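Here's the structure we're looking at; comments come further down.
This is a predicted model, so every value here is computed, not measured.
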Amino acid sequence: MTWHPKSEFIRVMMERGFLADCTDYQALDDALIAGVVPAYIGFDATAKSLHVGSLIQIMMLRWLQKTGHKPIVLMGGGTTKVGDPSFRADERPLLTPDQIDDNIAGIKQVFTSYVEFGDGEKDAVMVNNAEWLDGLNYLEFLRDIGKHFSVNRMLAFESVKSRLDREQSLSFLEFNYMILQAYDFLELNRRYGCLLQMGGSDQWGNIVNGIDLTRRVLNNQIFGLTSPLLTTSDGKKMGKSLDGAVWLNADMRSPYEFWQFWRNTTDADVGKFLKLYTELPIEECDRLGALEGSDINDAKIRLANEVTTLAHGAQAAAAAEATAREVFEKGGMGDDLPTLKLSADDIGDGISIVQLIVKSGLAKSGKDAKRLIDENGAKMNDQPIEDRGIVLQVTDLAEPVKLSAGKKRHALVVLEG
């Protein structure tokens, strides 16, 4: 794109790789220059934490505020009861209201690290769409809102079409989701003067629906901006690791494990991730991303430190780096390693090494643990485990035992009491 924006926000989005598409670049740029633009991103409350797959959207809200505008964090307390069908192969499991409320409480912890909340013009606000969705009168909603939606057009959206083309179930409940999300944009415009919805490029259809509905009902001009759907250089979906989702809440993924995830970034992704997930200058991101050989490891450590500092604070990042250095460079235990605590009753007459590897989270199943041992990938106290039949007694765990899966994943086993 040869067009050069005047607003700092769009310029940052373009330079750092956040921008996939926009409904009207020039008009949005003009609005961002003219005054404070309230903008929102929606997050469904399907778990007690968001994972790093949501971090690109969280960083967009952070940059929005840093460039002088107002972030609106929309929690989908209402829409989570329905479930977003976008590019899903099946229906989402339905959650109870209490489960949803618990999840929202957990997710709220994430955002305080990235945006500043308050009552000021540029302060972030967190809103729950259950406020307007829970009390909807169905017949009035059909009459006032439903009349603006063409089923033909809705069926043409890729998120719906892909399900139907594969002859996979798409319930009427889920089909309503795009109407509810469009209505969210209308309500946020009416209540908060929200002018912009952002999201991943898979949300383009839902965003356009909201813009069209708001124009029809309120005759207001609003905008949509999407980010690319991010995959790693080896084609994997961002947000997952070998041992599951990389959660942003410290009680679901320790700061050390979080730090280690970023430290293990593939060489080819370092420069891109520095631009998206840190606030380092573009020139520094390019310099670090271009390093080769063993020097790229310094860039990975810088990436891990910067991202962990934003998520968990500078102290947690420094502790994670110190633990990593102790584990990798000095062969030590590392105070901050993921720890499995066992009692004498847990061990009983003995506990197998395979069980320990699974319980410590280094393998998902006994089969995986056995394969790890057979392929010489498992170590105990930095020594290769050659016999999958090893059984440890209480006396063997009198001192902490360090387990390792490969070179980068470690855990401690500690006897309590």
Side-chain angles (χ1 to χ4, degrees), residues 5 7 9-10 12-14 18-32 35-45 50 54-65 67 69-80 82 84-87 111 114-115 122 124-133 145 148-149 153-154 157-159 176-229:
S7 66
F9 177 67
I10 294 185
V12 168
M13 292 295 98
M14 292 176 66
F18 286 97
L19 190 53
D21 210 345
C22 179
T23 54
D24 190 331
Y25 284 101
Q26 189 59 61
L28 176 57
D29 194 45
D30 292 342
L32 289 160
V36 175
V37 169
Y40 92 96
I41 299 178
F43 300 89
D44 274 345
L50 300 174
S54 297
L55 196 50
I56 190 168
Q57 271 74 50
I58 296 172
M59 289 299 293
M60 289 169 79
L61 290 174
R62 181 175 172 86
W63 279 113
L64 181 86
Q65 188 171 50
T67 55
H69 303 282
K70 185 180 185 72
I72 299 173
V73 180
L74 180 68
M75 298 308 305
T79 39
T80 299
V82 178
D84 182 1
S86 297
F87 299 95
F111 284 94
Y114 291 92
V115 295
K122 301 173 186 176
V125 293
M126 182 171 280
V127 182
N128 186 340
N129 65 9
E131 292 176 19
W132 53 82
L133 294 181
I145 303 300
H148 296 295
F149 288 84
R153 186 162 174 261
M154 293 163 76
F157 283 123
E158 187 60 33
S159 59
N176 271 271
Y177 184 91
M178 62 181 73
I179 301 179
L180 296 178
Q181 184 167 328
Y183 187 65
D184 282 346
F185 204 171
L186 168 68
E187 282 294 328
L188 288 170
N189 178 252
R190 180 156 39 202
R191 295 173 184 230
Y192 296 92
C194 184
L195 296 180
L196 172 64
Q197 181 184 356
M198 301 185 291
S201 56
D202 60 335
Q203 294 296 318
W204 181 259
N206 289 331
I207 292 172
V208 170
N209 271 338
I211 292 171
D212 186 55
L213 178 64
T214 304
R215 178 184 58 80
R216 290 170 180 266
V217 176
L218 300 179
N219 197 31
N220 288 343
Q221 183 183 24
I222 53 179
F223 308 98
L225 184 151
T226 59
S227 61
L229 291 181

- Minimal heavy-atom distance between Val36 and Lys122, with the atoms involved, is CG2-CE, 3.8 Å
- Task: Check whether any side-chain heavy atom of Val37 sits under 4.5 Å from a side-chain heavy atom of Phe223, and report yes or no.
- Result: no
- Query: Considering all heavy atoms of both residues, which atom of Gln65 and which atom of Pro71 are nearest to each other, and what is their separation?
  - Reply: CB-CG, 3.6 Å
- Leu61 side chain reached by Tyr40 side chain, heavy atoms, under 4.5 Å: no
- Give a yes or no on whether the backbone of Leu64 and the side-chain of His69 come within a donor-acceptor separation of less than 3.5 Å. no
- Message: Under the rule for side-chain contact (heavy atoms from CB on, under 4.5 Å), what residues qualify as partners of Ala45, not counting sequence neighbours?
- Response: Thr80, Ile100, Asn103, Ile104, Ile107
- Message: Going by the rule ring-ring contact (aromatic ring centres under 6.0 Å, His included), which residues pair with Tyr114 if we only count those two or more places apart in sequence or in a different chain?
- Response: none
- Item | CA sep, side-chain torsions, deciding dist, call: Leu186, Ile145, side chain to side chain contact (heavy atoms under 4.5 Å, CB included) | CA-CA 10 Å; Leu186 168 68; Ile145 303 300; 3.9 Å; yes
- Task: Could you pull out all residues at least two apart from Trp132 that satisfy side chain to side chain donor-acceptor pair (under 3.5 Å)?
- Result: Asp184
- Locate the shortest heavy-atom distance separating Asn128 from Leu74; write the atom from each residue and the value. C-CD1, 4.4 Å
- Would you sort out whether Glu187 and Glu131 count as a side chain to side chain contact (heavy atoms under 4.5 Å, CB included), showing the intermediate values? CA-CA 10 Å; Glu187 282 294 328; Glu131 292 176 19; over 6 Å; no
- Heavy atoms, side chains only, cut-off 4.5 Å: are Val125 and Val73 in contact? no
- Pairing residues for Asp30 by the side-chain contact (heavy atoms from CB on, under 4.5 Å) criterion, not counting sequence neighbours: Gln26
- Which heavy-atom pair separates Gly77 from Asn129 by the least distance, and what is that distance? N-OD1, 3.2 Å
- Message: Using the side chain to side chain donor-acceptor pair (under 3.5 Å) criterion, which residues pair with Gln57? Sequence neighbours excluded.
- Response: Ser227
- In short, Met178 meets Asn206 closest at the heavy-atom pair CB-OD1, 3.1 Å
- Query: So do the side chains of Leu225 and Phe18 get within less than 4.5 Å of each other, counting heavy atoms only?
  - Reply: no
- Value rounded to 0.5 Å, distance of CG in Leu196 from SG in Cys22: 7.5 Å
- Message: Go through it in stages, so that I can follow the logic: the residues are Asn209 and Ile179, the test is side chain to side chain contact (heavy atoms under 4.5 Å, CB included), and I'd like the CA-CA distance, side-chain angles, deciding distance and then a yes or no.
- Response: CA-CA 8 Å; Asn209 271 338; Ile179 301 179; over 6 Å; no
- Item | Derivation of the side chain to side chain contact (heavy atoms under 4.5 Å, CB included) call for Phe149 and Leu213 | CA-CA 8 Å; Phe149 288 84; Leu213 178 64; 4.1 Å; yes
- State the CD1-CD distance between Ile72 and Gln197, to the nearest 0.5 angstrom. 11.0 Å
- Locate the shortest heavy-atom distance separating Gly199 from Ile207; write the atom from each residue and the value. N-CD1, 4.2 Å
- Could you give the distance from CZ (Arg216) to NE2 (His148), rounded to the nearest 0.5 Å? 7.0 Å
- Message: Strictly distance-based, threshold 3.5 Å: is any side-chain N or O of Asn220 a donor or acceptor partner for the main-chain N or O of Thr214?
- Response: no
- Message: Can a donor-acceptor pair be found, under 3.5 Å and without considering hydrogens, that links the side chain of Thr226 to the backbone of Ala20?
- Response: no
- Item | Euclidean distance, Phe111 CZ relative to Ile58 CD1, rounded to 0.5 Å | 4.5 Å
- Note on the structure: So CG of Leu195 and CG of Leu28: to nearest 0.5 Å the spacing works out to 8.5 Å
- Residues which pass side chain to side chain donor-acceptor pair (under 3.5 Å) with Thr67, listed by chain and number, not counting sequence neighbours: none
- Task: Classify the side-chain pair Gln181/Gln203 by whether it contains a donor and acceptor separated by less than 3.5 Å.
- Result: yes
- Query: Could you state the interatomic distance from CD1 (Ile222) to CZ (Phe185), rounded to the nearest 0.5 Å?
  - Reply: 3.5 Å
- Query: Is any side-chain heavy atom of Gln221 less than 4.5 Å from a side-chain heavy atom of Asp24?
  - Reply: yes
